[in-house]
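Contents: one structure, followed by commentary.
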Amino acid sequence: MAIRTLDDLALDGTSVGVRVDINSPLGDDGHLADDARLRAHVDTLSELLERGGKVTVLAHQGRPGGSEFEPLEAHATRFDELLDAPVMYTDATSSAGAREAIDNLDNGQALVLENTRFYSEEYMEFEPARAAQTHLVDRLAPHFDAFVNDAFAAAHRSQPSLVGFSHRLDAYAGRVMEREIDVLGNIDQTPTPRAYVVGGAKVPDSIRIIRHGIEAGLADTILTSGLVANVFLMADGIDLGEEAADYIMEKDFWDQIDRAAELLAEHGDQIELPVDVAVKTEGKRQEIPVQELPTTEHGDVMDIGSETVDRYAECLESTGTAILNGPAGVFEDPAFQRGTKGLFQTVADTEYSVVGGGDTARAIRKFGIDGFDHVSTGGGAALAMLTGQSLPAIEVLDS
Ligand SMILES: Nc1ncnc2c1ncn2[C@@H]1O[C@H](COP(=O)(O)OP(=O)(O)OP(=O)(O)O)[C@@H](O)[C@H]1O
Ligand SMILES: O=C(O)[C@H](O)COP(=O)(O)O
C-alpha cells in the first residue's frame, strides 16, 4: 500500500479539510460523556495547526433519527480546550456561510463544521467517484488545497466526506489513520503464537473474526468470553438455563449456535471455552462450574468465572500476541466486572497486545488498565480489518 501521510504534506497557509471520527457517547443534556475519540485526533490537528495549516474539521455524530444525532458544538468547544490554537464552530456544513468561514481562516486556526450527517447524502454510501460529485464534496472541495483523512473508525463507510474528497484533492492519512493501518494491517507480522480473546455481545461479528483468524492462519488460539462464550457453550451442548436461552433467542442469535458448533467441529482444539461462569443469584454474583449448569435458581450467565480467568492467563503466558475484542461480562454492573478486569489485565501483560471495539476501549478506560500496545479507535472498522475486509476510505488513500 502506498499511502501518503502528513510527512508528505507541505503546509504554508494551506487550507486542509480534515475528516475525523469524533462520534461519541453523549450525556442526557447532550454533553460529551467521553472525549477519547477527540483526544485521539489531537496529534494530527496540532501538527497541522503548528505547521501553519488552515484546518477545517469534518465529522459526524450519531445517526439520523437516533438519540445521539446532535450538533458538533460541544465537540468544537472541547477541541478548543484540547488544542493550543483557536477552534471555531459553525452550525453549517457546506452553506455559503460555512464556505466563507473556511475562506476566512488564518494560518494556525481551526474551524469545526456542523455534523456532516445533517446533510442527507452523507448518510448514503457511494462509489468514490460518485461520492466526489455529491453536493457536500462539490461545494467544499474548491475551498481546500488538500484533504486529510484521520477518521479510521468510520473508514468502513463509503460515505461522501470519507471517500469523495480523495477524488478531487491530494489526500493524506492523518496520524490516527496511519497508526491504525500500520498495526491492524500488519497483524500477520506480530509475534507468534497469537491468541484472539473474543467476548462482548456482537456474536455474529465475533464468529466471523474467529473463523477468519483461524482460517487465515492468524490465530493459533481463541479464548472465548462474554455472550460469545455463552453461545459456544450452548453449541458444545451445555444447558445454560432458561434465562440465557431466552436472551440468545431475544437477540436473534439462535443460528449462531450452529455457526459456533461448526467452528468447534472443525477447529475445536484451538477454541477455549469457560470452565466456570458467574450468574446472578438474588441480585448477587455467584460463580458456578460449567458442569453444574443449569441450576434451578440462577439467572442469566453474566460473566466468566475466576477459574476461567486463571486458565486463560496461563494460556496467555506463552502467547506472543493477544488480540482482544469485547468485554468478558456485563461490566456495566459492578457485580460482573471481575472477569473483564482480570482478563484484560492479563492481555495487557502479554508480549504484544492489540485491542479493538468501542465498549472494549470504554471498559479499559473505566478500569484504568494500562500496558496495551495498541488500543484501536475503531469498533466496526477495526472489526472489518480483523476479518480481512478492505475499507473503502483507506482504499481511496492508496495512490
Ligand atoms: N454474558 C453476557 N451477556 C450479555 N451481555 C454481555 C455479556 N458479556 C458482555 N456483554 C455485553 O457486551 C457489550 C459489549 O459488547 P460489544 O461486542 O458491543 O463490544 P465492542 O465490540 O467492544 O463494542 P462496540 O460495539 O462499541 O465496538 C457490553 O455492553 C456487555 O454488557
Ligand atoms: O462509531 C463508529 O463505529 C463510527 O463512528 C461509525 O459510525 P456508524 O456505525 O454510525 O457509521
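Heavy-atom basis, side chains included; hydrogens, waters and symmetry copies ignored. As the structure lists them, so they are numbered: ligands from 1, and atoms in each ligand from 1.
- Within the listing of ligand 1, atoms 20 (P), 22 (O) sit less than 4.0 angstrom from a heavy atom of T360.
- Heavy-atom proximity to R117, at under 4.0 Å, picks out these atoms of ligand 2: 8 (P), 10 (O), 11 (O).
- Ring centroid separation for the pair F79 and Y89 does not come in under the 6.0 Å cut-off.
- Minimum heavy-atom separation, I207 to R259: CG2-CB, 3.8 Å.
- F165 has its ring centre less than 6.0 Å from the ring centre of F144.
- The shortest N or O to N or O distance between D21 and ligand 2 is under 3.5 Å.
- Protein heavy atom closest to atom 6 (C) of ligand 1, with residue, atom name and distance, is V330 CG2, 3.7 Å.
- Closest of all the heavy-atom pairs between F344 and P327 is CZ-CA, 3.7 Å.
- Backbone and side-chain nitrogen or oxygen atoms of D303 are examined, and none is located within less than 3.5 angstrom of a nitrogen or oxygen of ligand 1.
- The nearest heavy-atom contact from the protein to atom 28 (C) of ligand 1 is E332 OE2, 3.2 Å.
- Here the heavy atom of the protein found nearest to atom 7 (C) of ligand 1 is L227 N, 3.6 Å.
- Distances shorter than 4.0 angstrom occur between a heavy atom of Y247 and an atom of ligand 1.
- Numbered from 1 in the order shown, with element, the atoms of ligand 1 that lie under 4.0 Å from a heavy atom of G200 read 12 (O), 15 (O), 17 (O).
- Considering backbone and side-chain N/O atoms, V301 comes within less than 3.5 Å of an N/O atom of ligand 1.
- The protein heavy atom nearest to atom 23 (O) of ligand 1 is D359 N, 3.0 Å.
- For ligand 1, one of its N or O atoms has an N or O atom of G358 under 3.5 Å away.
- Ligand 2 has no nitrogen or oxygen under 3.5 angstrom from a nitrogen or oxygen of Q159.
- With hydrogens left out, the protein atom closest to atom 11 (O) of ligand 2 is R157 NE, 2.6 Å, a heavy atom.
- The closest donor-acceptor contact from the side chain of Q109 to the backbone of D106 lies under 3.5 Å.
- Partner Y196 forms a side chain to side chain contact (heavy atoms under 4.5 Å, CB included) with one of T221, I222, T224 and no other, that one being I222.
- Using a 4.0 Å cut-off between charged side-chain N and carboxylate O, R168 and D138 make a salt bridge.
- K202 NZ, 1.9 Å is the protein heavy atom nearest to atom 25 (O) of ligand 1.
- Checked by distance only, ligand 2 and Y123 stay at 3.5 Å or farther apart across all their nitrogen or oxygen atoms.
- The shortest N or O to N or O distance between A201 and ligand 1 is under 3.5 Å.
- Under a 3.5 Å cut-off, the side chain of H41 and the backbone N or O of D21 do form a donor-acceptor pair.
- A salt bridge (Lys or Arg N to Asp or Glu O under 4.0 Å) with D303 holds for exactly one of R285, K280, K341, R338; it is R285.
- In summary, the atoms of ligand 2 found under 4.0 Å from a heavy atom of N23, numbered by their order in the structure, are 1 (O), 2 (C), 4 (C), 5 (O), 7 (O).
- Between atom 10 (O) of ligand 2 and the options E68, R63, Q61, the minimum heavy-atom separation is to R63.
- Among all non-hydrogen protein atoms, the one lying nearest atom 1 (O) of ligand 2 is R37 NH1, 2.9 Å.
- Between the side chain of T190 and the backbone N or O of I187, at least one donor-acceptor pair lies under 3.5 Å.
- For the ligand labelled ligand 2, residue A153 lies inside the 4.0 Å heavy-atom shell.
- Nearest protein neighbour of atom 10 (N) of ligand 1, counting heavy atoms only, is G329 O, 3.9 Å.
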